[in-house]
Structure formats: structure tokens, C-alpha cells
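These notes are about the structure you will find just below.
Note that the structure is a prediction, hence the values are computed from the model and not measured. Chain identifiers are assigned alphabetically (A, B, ...) following the order of the sequence lines, protein sequences preceding nucleic acid strands; residue numbering begins at 1 within each chain.
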Amino acid sequence: MADIKEIIAKRVAKELKDGDVVNLGIGLPTMVANYLPEGVHIVLQSENGIMGMGPAAEPGKEDVDIINAGAQYVTINPGSMYFDSAVSFGIIRGGHVDATILGALEVDQMGNLANWIVPGKMVPGMGGAMDLVVGAKKVIIAMQHTQKGRHKILDTCTLPYTAIKVVDMIVTEMGVMEITPEGIMLTEINPEYTVEQVREATQCKLIISPGLKDMEF
Amino acid sequence: MADIKEIIAKRVAKELKDGDVVNLGIGLPTMVANYLPEGVHIVLQSENGIMGMGPAAEPGKEDVDIINAGAQYVTINPGSMYFDSAVSFGIIRGGHVDATILGALEVDQMGNLANWIVPGKMVPGMGGAMDLVVGAKKVIIAMQHTQKGRHKILDTCTLPYTAIKVVDMIVTEMGVMEITPEGIMLTEINPEYTVEQVREATQCKLIISPGLKDMEF
Amino acid sequence: MIDKIKTADEAVAVIQDGASIMVGGFMACGTPEILIDALVRKNVKNLTIICNDAGVPGRGVGKLLTNGQIKILIASHVGLNPEVAQRMNTDVEEDKLECILVPQGTLAERIRAGGTGLGGFLTPTGVGTIVAEGKQVLNVGGRDYLLELPLRADFAFIRGSVTDKFGNTTYNATTRNFNPMMAAAADHVIVGTCNIVETGEIDPNNVVTSGIYVDSIVGGEKQWQI
Amino acid sequence: MIDKIKTADEAVAVIQDGASIMVGGFMACGTPEILIDALVRKNVKNLTIICNDAGVPGRGVGKLLTNGQIKILIASHVGLNPEVAQRMNTDVEEDKLECILVPQGTLAERIRAGGTGLGGFLTPTGVGTIVAEGKQVLNVGGRDYLLELPLRADFAFIRGSVTDKFGNTTYNATTRNFNPMMAAAADHVIVGTCNIVETGEIDPNNVVTSGIYVDSIVGGEKQWQI
């Protein structure tokens, strides 16, 4: 399991360019910051009010006034800035975040995303997710390909949408997929899997890129 | 002339309560701050970005980074604050300014105001006036009753509106008028004038308050 | 100058049953606990609370929830306080919580609109989702937007780091979050602050919230662990 | 880290004829003269300038006007620069200035909307006046509002007091005015600043404009008399 998350986080990290402003969701996406290629420095935005967030605070050295959006004590890097929530979401909605990386319950071939509610079961609220996926220049979904055998990449989402037509890329332990006008295209495959296995783990039609490559991580 | 302005400014000053947030227009309204009753301290807002503006800077002691909306060098009082123009007009439009005092080219009995343009002749722009008169809790027009014999208090403004139904009170050298649902009511008269003289200097119907008093200044 | 400094109990004395209150804070970081505690003591009920989230049990608005004081909660995220789900699903009518979820950016902007006299704004957030239900959709420049309306409240609970006696306030680090917008969007504003200084001690370039918004100042707020 | 520091001439080299440029400042207080001067030297024409006002002759955007570089001026007030009226009324077609007047609060908010991804906003300002011509009127809660649309530009000229090498900027006193909104609402942002400091030297609580918006930093800006 840890290995799968590491594969995904490492691959996503390669999507980021030096100087990118990035918002990382809670959980797996947070790991992406640990695998940035050499020479790539990104600026982490935390929607509760930080530009230039650093790593988690060392135990015993927490500043209780500095948390991230997951309510963890964090640090800041030189050149950081604090702001209020209206400014924060102005940055997000205004297209000033180059990439947001987050998990999903379901993604479909239109690039629709469902990741905030399971009606009657889990109603945590959307937090900042709806704004982030609508506003960020690039939306990368980082998740396991299936959930306990259940498909997550679908013809049409069955759960309520977080937003419609927003996902640009999906990175799973099986490969890398891009959302194109024609549907979901597999562009890279983890050599541990066959194309057929990826197809089986994907409910919707999967276009295989003519230039399909091995997934780098 | 100076005397007339002083009369108006002194009378307007009595409308202000301790702690009021006030925006003063350029010219005559600026003089109001000089005549505040004892114990009345107001907080001056300058729409270019000051809350807590002080008097004009002494010659030779100007700080070139501190101007008011009339582009004069000013000072600030203890407890002041600087902000950007969006914040400034948020304060104004949001109803956080208790009173705005400004001049007029024309006012009519509906409380409509014209003070920003004489088509084909003077096109300076509205600056912040449209926002101020719409947003401030109380709009007080401080002006001479007529302009070189021409009426300024009218049935209907002839010049393009700054805003409609916004004026609460008019203070001139002849008296104090309130805009009521029935029209313009003279509530105070400068003892140097007769009611008939005020009527003649006013184009629209003038309601005389049953409790008409001498104008205090 | 008007003396705005009060004890927490004096400051919340004006709040009655059924009031709406905006409470600053993000997961209780930037929530004035000293005011929340006074409100728990006063034990007013049927409150409408507007806050980014439900805090956690024993912190922030979580205390009001545990004490059964909240009737309606308007928030963007309630997942880290399991009591919300319990109270939403309870069969005991008088304990029942109504929870209205609003996207975080839209919540911040609606409060800003409420404080700045805007009649609403167009946001792309929520288009095509259940958030759009019942809302007007306007197309501008070929893109659909939801018309979202301003949000105001009777009271705001603001958490300052440094506040001068006029009420000018600064916020340290991520305690800022919703506090500045809320301070402008409520009829009566109470600041619970860590440090009270003389008027004029804060650099006017660095004041975030103007004292003109502030009705009462309560000192003695602390820096809390979540 | 990417080196953003340039000379004024290097920084404006990207600007071509016909560009739209937002220029910070209020009566030239808070206008980066060092960038204006470089643009006069570059002598690009047919510019659309978005600025609170027209400055005064010899200061701020007034220099661009005198040099015949502005085709369209979007501003709230132009009364203190007599050259505006002259150029609006000239018979020489190539010198003719089009001036679009916008209420100051609406101008600030439209630029803010442009930088924050809003599709527009509802303001009570201008209802019933010629400002309302051609605009959609929406009634919310019994009150009429104008729908005002976002404003963006190709470039922004920002005037900082202190700027770190990443571009984080603070503004002293009333030089702030339109600069923060403009920094977010243009595709390419150039800061002319009085003091360049090392990244990290500005207290993160006091940064007003984030360096993420800033493409180029030009030092040597001075404090000017109006």
C-alpha cells in the first residue's frame, strides 16, 4: 500500500515545474512535495491562508498559529505570506494556482469529478475543493485506480459532482491518463501491469495513446 | 464669501456625533472638520486609502506618500489605517461611513443629486462620488443656495445624476433642509433671511417645517 | 474616545436566543475561545452559526454544538467533528441541527459581499453541481457563473492577535482566515484578542481590521493547541 | 529561484503597440514613474491605460498622454489633467483620446474581479445614472443593482515601497490604492520599487502583494512630489 502511494506521488511530482504554485490536498497528495525533481522548487499554497508553506512542524516545535488546511502544524519558507480566506480563494479562482493535486471518489470520461460527498453516508462538506478544481490551471487526480475492486474511473460519475469538466490528468499506480475531448487516454503504463489489466480496472472506454510509454517514477 | 462658507461648515459640523466615520468632499466640506463641537471626535475616511486622516501637513513637513483624495499632503491621527481602493470602497458601499458631506451642482426634491458632469463643458469624472452617496448612511449636501442667481435646488435635476434618491439633508447659507417623502422641508432658517427669500431661491416647492427654528451655527 | 474594553461575559450579554453569529477560525485556529466560552455560560439557544467549519469537539464552535446551542450551521466543512452528523440525524427534534454547506471560497466571498455592500457576485464554483440548485446562472463571456448572494449576521466573534483600544486589529499567521471579512459583515462585532495595546501602537500600514467595525474588545485570549 | 530583477528598459521591452496596461496610483501617488519613463522612451503607441485618474501633466500616466501614447483611458477622474479634455476634443484623428469613466469603487472592484476569477458583481453604485446604460439591472432583496464585469489587462505597472527578490511587495501609506488589485489582474506584472530586499526579509504577516504575481522587479523608484 505504501509502495502504491509512493509510486503515485513520485509520478505526480514530475508534472511540476520550477516556480509552480501548487495546492496539495490532504493525504496522498501531500506526499508529492517529498519527491520533487532536483532543481524544481514549487510554492505551496494552503487555502486557509499561506503562500509559501514549508514542511510539517517538528514535534515540540509547533507554532499553534500556523496550520495547514488539514489542521496540521506546519512551517513556512522564506518569502512566504499569510492572507485571509477571501484573498486565498481569489488566488485560487483567479487562476493563479498552477496545479492542484487531490484525490477522488470518482472521475468520469468527461473530466467530471466527485470527491466530496456520499449521500446518506459521508457528508463532510466540500471545503475548498470545488473552488480549487474550478480555479487551478491544471487539476491532477492522484488516487488508487480502484477502491477495493470497485471502479473509480467511470463513464459517468454516480456520486454528486464536485465540479464538471475540470480534470486534466489522473495518476494511479497503474498509469497516467489524460482527459481528452474524445475520452480518457492512457499515456503511460506501469510496466507491472498489462494494458488489459488497466482496461479491466477502468469502467469507461480507455483510449490507448499511440505513443504509450512506461510510467516514470 | 468666506463668511457664507463658514456658516455652512459650522452648521454641518453640528450634524456629526462623537465617533462618526465621515468622508468630506473637496473644498467647502473639508472646512467642516474645523468646527466640530467640543467633545466630538470624528474619524475621517479618505477614499484613496486612509481611515483616521488628520489635518493637512504643515508646509515643509509633507510626507509625499500620504495624500488625501484631493491630492493634498495630509497627516494621520493615532489609530489610523491605510488600505487599498477595493477595501476603501468596501467600507463606503458597505454602509460603514456614517456621513458623507459634499457639494452639488443640483439637488432635486426626490433627493436626486447631480454633481459630477456638465455635458460638453466639464467632464472631470465621478471619482468616488457615486459610491459615496449611495453607500454612506447619511448624505449631507453643503453648498451655496444658488449659483450666481441660478437655482440649484430644483423640481428635477437637469444635469446627469450622480445618484438617485440619496440626499438626506441640504445645508446652505440660508438654512437647513431635509428631504422627506413629501418633498424638501425647511427645518431651520438663517435669521438673516425671510422664508420668502428662501422660497425664491428654491425652484421646487418648499415645505416649511411646523417646528421651523433659527439656524444654529 | 468610547471605551470598548469589556469582560467576555459583558460583551456577549447583548446576544439573545435565535441570534446569528459569524465566528472566525479555521479548524478553531483563529477562533476566539474566550468569547465562545462566555456564550456557553450564557447558554442562549437556537443560534445560527456561520463559520468555516464545525471546529472539533471541545474546541471552537464545537463547544456550542456539544452544548446544544446551534440550530443552523452554515459552513464549508464539518467532517472533522463527528457530532455534526449525529445531530443532523438525531430523532430528538429540539437537538436537530440544520447544516448548510457552502464552498469555502464562496463562503468567504459571500461574507465579503455582505460587508462591502455588494448585491452578489458571479462565481464559476459550483456550476453543474448540487450547489447550483435554486440559483440563477448567468453567462458572461461564454462561461456560466452562479449568482451568489451576500451573507450578514447579527454578531461577529473575531479573534485578534494584537488589538488597540480603538479596535484596530492584526492577526498572526493563519489565524487570519475568515476574521477580516466577518468583522465587516455583522451588525455588532466583538473581538477576543491576545494583546491589547494603546491606540496608535500598531503601524497603520499593518492594521488588517479597522477599529470602526469593532463594538467590544475582550482581552485575555490565548494561543490554543487544536 | 528565477531572477526577476531587471532594468526598467529591459522590463518594458515586452510591451508592444496596442497593449493594455493597468497603472497603479492615485493622482500619481503610488505610480511607478521609473516604468512610465521607460515606456515613454520605448514610445509604443495606441495603448489602453487603466488607471484611477490621468495623473497631472508631467507626472504618472500624464507623461504617456503628453507623448501621445494613449488611445483609450479607463479612469474614474480626469479633471486634474487639462490635457485629457484637449485630447478628447481634438480634430486630429490620430491624437484623439477615448476616455471611459468608471466610478472609483466600481473600477477597483472590477479589477479585483478580474484578478480573482469572478464573472462580475452587483453594485448599487450607478443605478439610475448614465453609468447604468447598457448594463443588466438585477433586483436582489428589493434593491436594484448593476451587474458590473471584470476588468483585466495585458500588463500591470505596480509601485512598491519594499519588494523582496521573489516579488513580495508592501506599499507605504496611500501609495497602496489600486496597486494590489492590479497586480492580480494582468497577464504580466512589473513592479517598480523603492527598496529591494532579500527574500524572507518582509514579515509574512505584512506582505500585501504576493511574489507569485510578479514577473519583473525594477529597483530605483523614488518618492516623488506630486
Less than 3.5 Å apart, any donor N or O on the side chain of [X] or [Y] sitting next to an acceptor on the other?
{"X": "A:Glu106", "Y": "A:Thr158", "result": "yes"}
{"X": "A:Ser46", "Y": "A:Asn68", "result": "no"}
{"X": "A:Asp65", "Y": "C:Thr175", "result": "no"}
{"X": "A:Thr202", "Y": "A:His145", "result": "yes"}

As an exercise: rank [options] by heavy-atom pairs under 4.5 Å with chain C and give me the winner.
{"options": "A:Gly70, A:Ser80, A:Ser85", "value": "A:Ser85"}
{"options": "A:Val133, A:Asp84, A:Val166", "value": "A:Asp84"}
{"options": "A:Glu47, A:Met81, A:Met130", "value": "A:Met130"}

Self-check item: Nearest-0.5 Å distance that lies between atom CG in A:Leu28 and atom CD in A:Glu6
Solution: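 Taking CG in A:Leu28 and CD in A:Glu6, the distance rounds to 10.5 Å.
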Quiz item: Out of curiosity, A:Ile141 CD1 to A:Leu102 CG, how far, rounded to the nearest 0.5 Å?
Solution: 4.5 Å
Tell me, for [X] versus chain C, whether the close heavy atoms (under 4.5 Å) come from the side chain, the backbone, both or neither.
{"X": "A:Thr162", "value": "backbone"}
{"X": "A:Ala69", "value": "both"}
{"X": "A:Ile66", "value": "both"}
{"X": "A:Asn112", "value": "neither"}

Top residue by heavy-atom pair count (under 4.5 Å) with chain A, among [options]?
{"options": "C:Met88, C:Arg112, C:Arg176", "result": "C:Arg176"}
{"options": "C:Asn177, C:Asn179, C:Val127", "result": "C:Asn177"}
{"options": "C:Val102, C:Leu80, C:Asn89", "result": "C:Val102"}

With only heavy atoms counted, which part of [X] is less than 4.5 Å from chain A, the side chain, the backbone, both or neither?
{"X": "C:Val208", "result": "neither"}
{"X": "C:Arg110", "result": "neither"}
{"X": "C:Pro103", "result": "both"}

Ion pair check, [X] and [Y], cut-off under 4.0 Å:
{"X": "C:Glu33", "Y": "C:Lys222", "result": "no"}
{"X": "A:Lys138", "Y": "A:Asp168", "result": "no"}
{"X": "A:Glu173", "Y": "A:Lys5", "result": "no"}

